[in-house]
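Below: one structure, written as structure tokens.
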Amino acid sequence: MPRYFFDIHDGVDLRDEVGREIGNPLALRREALRVMTSLMAAEAEDSQDSTLVLTVRNETGDGIMTIRLVCQIDDR
């Protein structure tokens, strides 16, 4: 089963050195979205504006997917 690495950038680069085995493209997409929504929920609790970027790499280091989430909160 192929191994994929999930690198996070939120102003600081966090490189995934462990990765995870994922069997098919749909499962990879679901996992990437799950990771990003969890991170954004935690990040948005402490900030008015958050931008997170997730880059998924394959075993050879090629970037195969990028997800960018922007959250802006306007309290009234």
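Throughout, residue positions are numbered sequentially from 1 according to the sequence presented.
For D16, the side-chain hydrogen bond (donor to acceptor under 3.5 Å, both in side chains) test picks out no residue, with sequence neighbours left out.
Counting only residues at least two apart or on different chains, the side chain to side chain donor-acceptor pair (under 3.5 Å) pairs with a member in residues 62-73 are T60-D62.
In terms of hydrophobic clustering, with Ile, Leu, Val, Met, Phe, Trp and Tyr side chains grouped at heavy-atom distances under 4.5 Å, M65 and Y4 are assigned to a common cluster. Following chains of ILVMFWY side-chain contacts shorter than 4.5 Å, one cannot reach V53 starting from I64, and the two form parts of different hydrophobic clusters. Put simply, L52 and V12 are part of the same group of oily side chains (I, L, V, M, F, W, Y) that touch within less than 4.5 Å, one to the next.
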Given side-chain contact (heavy atoms from CB on, under 4.5 Å), test V56 with F5 step by step and report yes or no.
-> CA-CA 6 Å; V56 179; F5 300 86; over 6 Å; no
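With values rounded to the nearest 0.5 angstrom, H9 atom NE2 is found 9.0 Å from T51 atom OG1. Between the CE atom of M36 and the CG atom of L69 there is a distance of 4.0 Å, given to the nearest 0.5 Å. Of the inter-residue distances, the one linking L54 atom CG with D10 atom CG reads 11.5 Å to the nearest 0.5 angstrom. The distance from the CZ atom of F6 to the CZ atom of R15 is 14.0 Å, given to the nearest 0.5 Å.
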Result block: side-chain N/O donor-acceptor pairs under 3.5 angstrom for residues 18-25, not counting sequence neighbours:
from: R20; atom 1: NH1; to: E31; atom 2: OE2; distance (Å): 2.5
from: N24; atom 1: OD1; to: L26; atom 2: N; distance (Å): 3.1
from: N24; atom 1: OD1; to: A27; atom 2: N; distance (Å): 2.8

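Closest heavy-atom contact between P2 and E59: CA-OE1, 4.0 Å.
Residues D7 and L14 fail the side-chain proximity criterion, which asks for heavy atoms closer than 4.5 Å. You'll find the side chain of L39 reaches within 4.5 Å of the side chain of I8, heavy atoms only. The side-chain heavy atoms of R30 and L28, taken from C-beta on, include no pair separated by under 4.5 Å.
For R29, the CZ atom counts as loosely surrounded, since its 6.0 Å shell holds 12 or fewer non-hydrogen atoms of other residues, nucleotides or ligands.
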